[in-house]
Amino acid sequence: MVKMASTMCASKGSAWTNVKRAAAKIHPCGHPCIGVRDETVCPPCINEECVAVDATKDDDYCNICWVEALSSAPAVRLDCGHYFHADCVAKQLSKKWTGARIVFKFMECPLCHKDTNVR
């Protein structure tokens, strides 16, 4: 029981952090921006009503963590067009290479393997 309560408290804390880091902007279509607070340019709207049937939607899961939908935490769009949670991209870049061999694969988009550049 105590373990479950501490897990719930931890998730509440991270949810509050997500709210504080989220952009407070609204797209012209009326949907909230899923970007990071204080960004100069908000990522395009990916609400189901605004995108094509086969496009990335705000309820799709982040392809790095596979834990939460893109809309549940501030997200970024890479130059290649793929969306991920901002924190997931930051963690991936901060880990760098994880073995004895120095490789730069950590700097690539996990889906298309193009260089990671945030728009």
Would you say the side-chain atoms of Gln92 pair up with the backbone N or O of Glu108, donor to acceptor, closer than 3.5 Å? yes
Which pair of non-hydrogen atoms, one from [X] and one from [Y], has the smallest distance, and what is that distance?
X	Y	result
Ser72	His85	OG-NE2, 3.8 Å
Pro74	Val36	CB-CG2, 3.8 Å
Val51	Cys45	CG1-O, 3.4 Å
Pro43	Arg77	CB-CB, 4.5 Å
Asp60	Ala55	OD2-O, 4.1 Å
Lys57	Ala52	NZ-O, 3.5 Å

Please lay out, stage by stage, how Asn63 and Phe84 fare under the test side chain to side chain contact (heavy atoms under 4.5 Å, CB included). CA-CA 7 Å; Asn63 286 298; Phe84 303 98; 3.7 Å; yes
Glu49 and His31: side chain donor to acceptor below 3.5 Å: yes
What's the separation between atom CG in Asp58 and atom OG in Ser71, rounded to the nearest 0.5 Å?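 Those atoms lie 4.5 Å apart.
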Verify the cluster assignment for Leu78 and Leu93: are they in a single hydrophobic cluster under the rule of side-chain heavy atoms below 4.5 Å apart? yes
Is there a path of hydrophobic side-chain contacts, each under 4.5 Å between heavy atoms, that joins Val67 and Val89?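 Different clusters: Val67 never reaches Val89 through Ile, Leu, Val, Met, Phe, Trp or Tyr contacts under 4.5 Å.
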Give the intermediate values and the outcome of side chain to side chain contact (heavy atoms under 4.5 Å, CB included) for residues Cys65 and Lys91. CA-CA 10 Å; Cys65 68; Lys91 285 178 192 173; over 6 Å; no
Other ILVMFWY residues reachable from Ile26 by side-chain steps of under 4.5 Å: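 When side chains under 4.5 Å apart are linked, Ile26 ends up in no cluster with other residues.
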